Amino acid sequence: MGMLKRRVMPEDVVINCSRDSKIPEPPAGHQWKEVRADNTVTWLAAWTENIQNSSKYIILNPSSRLKGEMDWQKYEVARRLKGVVNKIRAQYQADWRSPEMKKRQLAVALYFIDKLALRTGNEKEEGETADTVGCCSLRVEHVQLHGKVDSQEHVMELDFLGKDSIRYSNRVPVEKLVFQNLQDFMKDKDPRDDLFDALTTASLNKHLQDLMEGLTAKVFRTYNASITLQEQLRVLTRAEDSLTSKVLAYNRANRAVAVLCNHQRAIPKTFEKLMQKLQQKIEAKKAQVTEAQVEVEKAKADLRTRGENKPKRLLQKQRRLLKLEEQLARLRMQATDKEENKQVALGTAKLNYLDPRISIAWCKRFGVPIEKIYSKTQRERFAWAFERADEDFEF
DNA sequence: GTCCTGACTTGATTCAATATGG
DNA sequence: CCATATTGAATCAAGTCAGGAC
């Protein structure tokens, strides 16, 4: 923001630890702002940062028991949603017909959150912060309705800047009732007006709380991410495949989730170079394949015309061809994989949205070493899950 | 209801470590 | 062996959400 951050002094810092613990000494000649013992919060030290006037905390590592416990609870709430999600979907679909505008807006917003995995979209300080939106703060200018687009009816186009000013741009066919409701919500409004003018994040979450204890908008993201991983793993994994293919299948499933959640990254600076190199390798391999084909044909001809008793030679050539073709296929697969992944960030979903027990169970079931999926710190972070997942775990 | 704030999670980027290849 | 590419961890800003004041 072009502003300078003030140095944090001991006099700014509040220490939070239990009374009977060893209270850390402030640096010589200094005092803490305060020492307190509040076991209703998890932070160890806190101060106020001078740019946005917001609280900053020293917190425990993700591998800590406390953080692990909280992570586990998060996924347990998402699993409870699995039990009631059909009922909730049936209800919001029914509410699309409600005579009450408020109810219809809520029903369509919830549909967005569920189907498109949008964030809830709290109000933000205008001017002070970047102009980004989520579901509840969507404006008319972010939505375009197309009655008919190449054989598809009722197509909705969303285009807005979300968290971290990452662009969300998506074109999806929606149900007729959703389409009609959106037309109604946009009627007689300016582009800058709120799409859901009768809705706030507080009222939305209040409604969700009534449907299920602990349910908030973000639980849908967790639920849909984890259930998508589980489902994709089921579809993409074949027991007889090689380890490499299985890991590739996992990454594909991971990517499906990242795409759903719109987790993007800047295209790596060296991406073009990397692809060119790979393309060269593919061309070289292609040439080898062609060459091998010629040799197979020659061996066949030899066998016929000269009646040579060397079928072994042909077999050899055929085997070589097959191997080269496999290598070419693998290179092509690698290229597709890289291309599809160039703008997609897999880490965020892996760390924050995918119940680690799904991955652990999958590894056990298909004999994939866990190190292929989780790095050392990730394994430490998910220690809680290793204690709780066997190969039969189902999200 | 609206506004405000505290406490927590989520997120892309940056930085550091490790792997790769000429 | 060194330079470069790739991977993994750390960072801290930007979100979510609940609760209290009015």
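Keep in mind it's a predicted model, so treat the numbers as computed, not measured. Letters A, B, ... mirror the listed sequences (proteins, then strands); counts begin at 1.
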Compute whether any side-chain donor of one residue and acceptor of the other, for [X] and [Y], lie under 3.5 angstrom apart.
X	Y	value
A:H154	A:E175	no
A:Y57	A:T42	no
A:N181	A:R104	yes
A:T216	A:N205	no

Please report, rounded to the nearest Å, how far the [atom2] atom of [N] is from the [atom1] atom of [X].
X	N	atom1	atom2	answer
A:R221	C:dC17	CZ	C1'	15 Å
A:I51	C:dA14	CD1	C1'	15 Å
A:N53	B:dA7	CG	C1'	16 Å
A:Q73	B:dA7	CD	P	21 Å
A:R119	C:dA14	CZ	C1'	9 Å
A:E125	C:dA13	CD	C1'	15 Å
A:N122	B:dC4	CG	P	14 Å
A:K218	C:dT16	NZ	P	10 Å

>> Between A:R192 and A:V140, does the side chain to side chain contact (heavy atoms under 4.5 Å, CB included) criterion hold? Intermediate values first, please.
In response: CA-CA 6 Å; A:R192 301 282 297 174; A:V140 170; over 6 Å; no
Presence of [X] side-chain N/O under 4.0 Å of [N] phosphate oxygens OP1/OP2:
X	N	answer
A:K56	C:dA13	yes
A:N205	C:dC17	yes
A:T129	C:dA14	no
A:S203	B:dG1	no
A:Y353	B:dG11	yes
A:S54	C:dA13	no
A:H263	B:dA12	no
A:S375	C:dG8	no
A:T132	C:dG15	yes
A:T216	C:dC17	yes

>> Determine whether a donor-acceptor pair (one donor, one acceptor, N or O, separation below 3.5 Å) exists between the side chain of A:K163 and the base of B:dT10.
In response: yes
> Run the side chain to side chain contact (heavy atoms under 4.5 Å, CB included) check on A:D159 and A:R167 step by step: do they pass?
Replying inline: CA-CA 7 Å; A:D159 196 333; A:R167 185 171 173 203; 2.6 Å; yes
Where the side chain of [X] is concerned, which of [options] is the nearest nucleotide?
X	options	value
A:Q52	C:dA14, B:dT10, B:dT9	C:dA14
A:V41	C:dT16, B:dC8, B:dG11	B:dC8
A:A217	B:dA12, C:dC17, B:dA7	C:dC17

>> I need the single residue from A:K33, A:R6, A:K5 that forms a salt bridge (charged side-chain N to carboxylate O under 4.0 Å, His left out) with A:D12. Which is it?
In response: A:R6
> What is the per-nucleotide protein-contact pattern of nucleotides 13-22 of chain B, from the 5' end, where B denotes a base atom under 4.0 Å from a protein heavy atom, S denotes such proximity for sugar-phosphate atoms only, and - denotes neither?
Replying inline: S---------
Are there any protein N/O atoms within less than 3.5 Å of an N/O atom in nucleotides 19-22 of chain C, and if so, which ones and at what distance?
none

Sugar-phosphate only, base, or nothing, as touched by [X] at under 4.0 Å among non-hydrogen atoms:
X	answer
A:K5	sugar-phosphate
A:Q209	sugar-phosphate
A:T201	nothing
A:K67	sugar-phosphate
A:G121	sugar-phosphate

>> Can you tell me how the ring of A:Y111 sits relative to the ring of A:W96, calling it parallel under 30°, perpendicular over 60° and tilted otherwise?
In response: perpendicular
> Hey, what's the ring geometry for A:W384 with A:F382, parallel, tilted or perpendicular (30° and 60° as the breaks)?
Replying inline: perpendicular
> Hey, mind stepping through A:D114 and A:Y223 against side-chain hydrogen bond (donor to acceptor under 3.5 Å, both in side chains) and telling me if it holds?
Replying inline: CA-CA 9 Å; A:D114 184 22; A:Y223 162 72; over 6 Å; no
> Quick one: are the ring centres of A:Y353 and A:H263 less than 6.0 Å apart?
Replying inline: yes
>> Looking at A:R388, I want to see if its CZ is surrounded by more than 12 non-hydrogen atoms of other residues, nucleotides or ligands under 6.0 Å.
In response: yes
> Hey, which of these two, A:S165 or A:Q378, hits DNA chain C nearer its 5' end, going by closest nucleotide?
Replying inline: A:Q378
